[in-house]
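Quick notes on the structure that follows.
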There are 4 protein chains.
Amino acid sequence: MCKKNIPTNQKQMSFIEKARRAQIVECAIETIAEVGYTQASLGEIAKRAKISKGVISYHFANKEELLEQIAIEYYIAWQSYIAPRIEAQKSPKEMLRVYIESNLAFVAENLQHVFAVIELGSKKITADGKLQFAADHDEAILLPIENILALGVHEGLFREFTKPSARVMALTIRNAIDGFTMELMRKPHLDVQEYTRELVTIFDISTKK
Amino acid sequence: MCKKNIPTNQKQMSFIEKARRAQIVECAIETIAEVGYTQASLGEIAKRAKISKGVISYHFANKEELLEQIAIEYYIAWQSYIAPRIEAQKSPKEMLRVYIESNLAFVAENLQHVFAVIELGSKKITADGKLQFAADHDEAILLPIENILALGVHEGLFREFTKPSARVMALTIRNAIDGFTMELMRKPHLDVQEYTRELVTIFDISTKK
Amino acid sequence: MCKKNIPTNQKQMSFIEKARRAQIVECAIETIAEVGYTQASLGEIAKRAKISKGVISYHFANKEELLEQIAIEYYIAWQSYIAPRIEAQKSPKEMLRVYIESNLAFVAENLQHVFAVIELGSKKITADGKLQFAADHDEAILLPIENILALGVHEGLFREFTKPSARVMALTIRNAIDGFTMELMRKPHLDVQEYTRELVTIFDISTKK
Amino acid sequence: MCKKNIPTNQKQMSFIEKARRAQIVECAIETIAEVGYTQASLGEIAKRAKISKGVISYHFANKEELLEQIAIEYYIAWQSYIAPRIEAQKSPKEMLRVYIESNLAFVAENLQHVFAVIELGSKKITADGKLQFAADHDEAILLPIENILALGVHEGLFREFTKPSARVMALTIRNAIDGFTMELMRKPHLDVQEYTRELVTIFDISTKK
DNA sequence: AATGAATGAGGTTTCATTCAT
DNA sequence: TATGAATGAAACCTCATTCAT
């Protein structure tokens, strides 16, 4: 039905090929999470995957493609996780709560992956226009929040938000989630439930009429 | 109490030595801000400083020391900027407002420096835990907010905050500020005044009794 | 006399085997001609042949054997083309004319192949003298010219040529032909007829009594 | 007087810098001459120069720049050698003789260098327009011969040459010289004097009225 | 007979660091 | 103090070759 949504460089990939790529991406994520972006060389990734360096080059055109794949898979997984949960809600207030809850749950369940994407994210600025992905991505990630806010305002359930102030709110929520990721990396024993409850409270209060 | 926070190689440093180091740190900041952490090699920094690469190695034991110096100077500048402004306030509500306002003002005035520190922060994972500094740093930066919150609760002006929920609030505020930094890097024409006003509003509401 | 010039791995080769090898050699020639010797990797050749890299390794012991095959096929094709045309001539003067004419015609008709062989020729230096072939080859190619010159002198139709000076003449003619190949590669619209006429004139005059 | 003729990337180069570059270029030439273009890796060149690989990268932006330098130095040396010798001649006939003689002498005295340039030459075709140098170079090298021919025709000392036929003659002479280089590489004991005499004779006869 | 997958050596290049001057 | 020169490790990538299927 909604095929061909994906960029196109999908060509035809054998099952085994896809599995191998997935495995390598997996290892790349682990490696970035464990040793940091800077130290995550192809050699290091290969070592952890117990394969030769050449295998990575065999399956990915270059390092950039591998890293992009991390971001792409993240985005797909994220969207499949978040979207249905939000759509299941009726009121904007519930949507916002679920947005926060499901994002934090997603982070907790995919900590390394999310962390890796954040690590990559800041690199986008550097590149010479090549990694526009980052920016588009950010917009795509903010949009759902802005939509919820707009809906809430429209239904008279949220306090008034001008367009720019809705964006500030959206960014603040997004930053809270990404910041939570970093905190969870630093302190794996963090009480996620509690953290979630608190964030929900904060943004519930701060959007209330 | 707070001795030995600073590396120790403070020993005796001539005026000229200090000036040289400051100049190099300055250039390192600019370089990171402009080309990103990954591309900020000593060679690149030296080129921008119009000095030879060797000079950097002469004044800093190694690259790490230079990067740490960026964080140290940042922290000192930040504290000198923020602390007096907060101390000038009477009520926790005002303190919180001023904390947010002065932080955003500080970011806007020292955008490159703040950005550089954030860049460093996220790359700081090393196998041998060498860059513990960054983490300590984070604690030191959260403390003032937690103190304000505690005070506000104690005076009955803020809603109830348990210790962990105060921390979540503190992190959320901190993340909002750091996130603002990134947004300002991406969009230099951002209306800082407005953004500040919005953040103050958000956190004013969400701490209110 | 001229046995064992060919490597020996001729053994028994099935028809299909020979066809496959021919196809690969063909593609190797095209590849060298189009992307140059340096870029003509087995991968590139395989891609153009629309076969897998492994097939090449299956049919040829190694890359060197494939490249040698290019030279061998060239030599055979060249000889079959040139020899009968010369033998059909009566006088040395005519022979020389036909030698030049047919060589240039051969080049024009097999430009890529001739070019590939020249490319190989110049790269042929190896520490272990493995590609002696090329040198032998050159001798074999010079011989017909030297024979024509000797005949012409013997019949009193050409000016006197000592053995060494006949060799210089032969080399000069040969170099003119190979140089023509390069020029034709650079400028495909070259007027071959005219070029041929000029070369014939030059060497007709310069051998005349 | 005639400064600034050189491309511009000359900037300011210290004496020692120039010496080092010259030494490296020297070694690169030797290496190409001895092991062939294909095997002449930076590692191999460095090994022969008894320096670390990094030194080459320190003095040359990349391999291409090193190789170009070989061609540039060749061209300068060649021109300084040939031009005055030709200009000292009065008649076109003498000029042509001297052109051939001095070119062969130059080749014999700089055999490795000339050979290296020829090796490089054929590679130019490959690159994607980058190494236009080769083509320009060739034109620059043919021009003097064409000028001599034109002069000889104009003075009525040479037989008639149309523009295209003069070019064929020029190419033939040039090819004879380059071919001589290859032959001399293969057979270092070649009698250069004799070879020179023969070539002079050939082209003297073939240009005569 | 053919292929896709994997390997590992080797190539170019970058870079933090050292050192003689 | 400062510099340019040099180093060598390590990064990314290419490629001829091998092998199980």
Side-chain angles (χ1 to χ4, degrees), chain A residues 13-17 19-21 24 38-46 49-66, chain B residues 14 16-17 19-20 24 38-46 49-67, chain C residues 14 16-17 19-20 38-46 49-67, chain D residues 13-17 19-21 24 38-46 49-67:
Chain A
M13 228 178 256
S14 75
F15 172 74
I16 208 162
E17 166 77 1
R20 208 69 166 121
R21 280 174 66 102
I24 293 170
T38 309
Q39 314 283 17
S41 67
L42 291 188
E44 186 64 29
I45 294 168
K50 281 172 196 144
I51 54 177
S52 115
K53 254 189 308 183
V55 184
I56 300 180
S57 293
Y58 178 75
H59 290 285
F60 294 89
N62 48 36
K63 194 181 187 184
E64 204 174 305
E65 194 192 297
L66 170 56
Chain B
S14 76
I16 212 164
E17 167 75 3
R20 210 64 165 127
I24 293 169
T38 309
Q39 316 281 18
S41 67
L42 291 190
E44 187 64 29
I45 295 167
K50 282 170 195 144
I51 56 178
S52 118
K53 251 191 311 184
V55 185
I56 300 180
S57 293
Y58 181 79
H59 289 285
F60 295 88
N62 48 36
K63 193 181 188 185
E64 206 174 305
E65 195 194 295
L66 168 57
L67 299 182
Chain C
S14 76
I16 211 163
E17 167 75 3
R20 211 58 166 134
T38 308
Q39 317 280 17
S41 66
L42 291 189
E44 187 63 28
I45 294 168
K50 282 173 195 141
I51 55 177
S52 118
K53 249 190 311 181
V55 185
I56 300 179
S57 292
Y58 181 78
H59 290 283
F60 295 88
N62 48 36
K63 195 181 187 185
E64 208 174 302
E65 195 193 296
L66 169 57
L67 299 183
Chain D
M13 229 178 254
S14 75
F15 172 73
I16 207 162
E17 167 77 0
R20 208 69 166 122
R21 280 174 65 102
I24 293 170
T38 309
Q39 316 282 17
S41 66
L42 291 188
E44 187 63 29
I45 294 168
K50 282 171 195 145
I51 54 178
S52 118
K53 255 189 306 184
V55 182
I56 300 180
S57 293
Y58 178 75
H59 291 283
F60 295 87
N62 47 39
K63 194 181 187 183
E64 205 173 306
E65 194 192 297
L66 170 56
L67 299 183

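Sequence lines set the chain letters: A, B, ... in the order given, protein chains first and strands last, and positions in each chain run from 1.
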Rounded off to whole Å, could you give me the [atom1]-to-[atom2] distance for the [X] and [N] pair?
{"X": "B:N62", "N": "E:dC19", "atom1": "CG", "atom2": "P", "value": "15 Å"}
{"X": "A:Q39", "N": "F:dA9", "atom1": "CD", "atom2": "P", "value": "17 Å"}
{"X": "C:L66", "N": "F:dC15", "atom1": "CG", "atom2": "P", "value": "15 Å"}
{"X": "B:E64", "N": "E:dA16", "atom1": "CD", "atom2": "P", "value": "13 Å"}
{"X": "C:K63", "N": "F:dC15", "atom1": "NZ", "atom2": "C1'", "value": "8 Å"}
{"X": "B:I45", "N": "E:dC15", "atom1": "CD1", "atom2": "C1'", "value": "12 Å"}
{"X": "A:F60", "N": "F:dA11", "atom1": "CZ", "atom2": "C1'", "value": "18 Å"}
{"X": "C:I56", "N": "F:dT17", "atom1": "CD1", "atom2": "C1'", "value": "12 Å"}

For DNA chain E, just give me the dot-bracket, please: Watson-Crick or G-U, both distances below 3.5 Å, ( ) intra-strand, [ ] crossing earlier pairs, | paired with another strand, . unpaired. .||||||||||||||||||||
Just to verify, what does A:R21 make a side-chain hydrogen bond (donor to acceptor under 3.5 Å, both in side chains) with, not counting sequence neighbours? A:E65, A:Q69
Any idea which heavy atoms bring B:E17 and B:H59 closest together, and the distance? OE1-ND1, 2.9 Å
If you take all heavy atoms of A:F60 and A:I24, which pair is closest and at what distance? CE1-CG2, 3.7 Å
Hey, can you pull the donor-acceptor pairs under 3.5 Å for the side chains in residues 50-57 of chain C, sequence neighbours left out?
{"residue": "C:S52", "atom": "OG", "partner": "C:G54", "partner atom": "N", "Å": "3.0"}

Please figure out whether B:G43 or D:L42 has its closest DNA chain E nucleotide nearer the 5' end. D:L42
Table of protein N/O atoms under 3.5 Å from nucleotides 4-8 of chain F N/O atoms:
{"residue": "F:dA5", "atom": "OP2", "partner": "D:Y58", "partner atom": "OH", "Å": "2.9"}
{"residue": "F:dA6", "atom": "OP1", "partner": "D:R20", "partner atom": "NE", "Å": "2.4"}
{"residue": "F:dA6", "atom": "OP1", "partner": "D:R20", "partner atom": "NH2", "Å": "3.0"}
{"residue": "F:dA6", "atom": "OP2", "partner": "D:R20", "partner atom": "NE", "Å": "3.2"}
{"residue": "F:dA6", "atom": "OP2", "partner": "D:H59", "partner atom": "NE2", "Å": "2.6"}
{"residue": "F:dT7", "atom": "OP2", "partner": "D:S52", "partner atom": "N", "Å": "3.0"}
{"residue": "F:dG8", "atom": "N7", "partner": "D:S52", "partner atom": "OG", "Å": "3.4"}

Taking only N and O in the side chain of B:S41, is any of them less than 4.0 Å away from OP1 or OP2 of E:dT14? no
